Amino acid sequence: IVRTTHLTGITTDLGLGVVRTLYKDKLPPEVISNEMRANRMRVGIILSFILGSFLGTVLLSRYQYNGFLFPVIVYFVLFVSSLT
């Protein structure tokens, strides 16, 4: 399950995943492989939140409400690309 509404759940899951990988000798290899993949995804989500916060601050401070056009365009492009 991917929870991207709050970073608290993702960071908790990442912490648990890191602990699981530290004790990899006690878990089956396929569990460790899945956990490593999930940890990479969690780190990517956290970095995306940080980048989005920074970019949103810069765009809105520079372009005021027109700064909202950037995420709208990004979402539209992603939506159209998912249709093909």
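The model shown is predicted, which means the values in this text are computed figures rather than measured ones. Position 1 is the first residue of the sequence, and the numbers go up from there.
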Is there a continuous path of hydrophobic side-chain contacts, each under 4.5 Å between heavy atoms, that joins [X] to [Y]?
X	Y	result
F70	F68	no
L83	F76	yes
I10	V43	yes

Roughly how far apart are [X] [atom1] and [Y] [atom2], rounded to 0.5 Å?
X	Y	atom1	atom2	answer
L16	R42	CG	CZ	8.0 Å
I73	L78	CD1	CG	12.0 Å
D25	Y23	CG	OH	9.0 Å
L14	E35	CG	CD	9.0 Å

Below 3.5 Å, can you tabulate the donor-acceptor pairs from side chains in residues 44-59 to any protein atom, sequence neighbours excluded?
residue, atom, partner, partner atom, Å
S48, OG, G44, O, 2.8
S53, OG, F49, O, 2.9
T57, OG1, S53, O, 2.8

Considering all heavy atoms of both residues, which atom of [X] and which atom of [Y] are nearest to each other, and what is their separation?
X	Y	value
T21	M36	CG2-SD, 3.3 Å
R20	L27	O-CD1, 3.7 Å
N39	V18	ND2-N, 3.7 Å

Side-chain (S33) to main-chain (P29) donor-acceptor, under 3.5 angstrom: no
Non-neighbouring partners of R40 that pass side chain to side chain donor-acceptor pair (under 3.5 Å), sequence neighbours left out: none
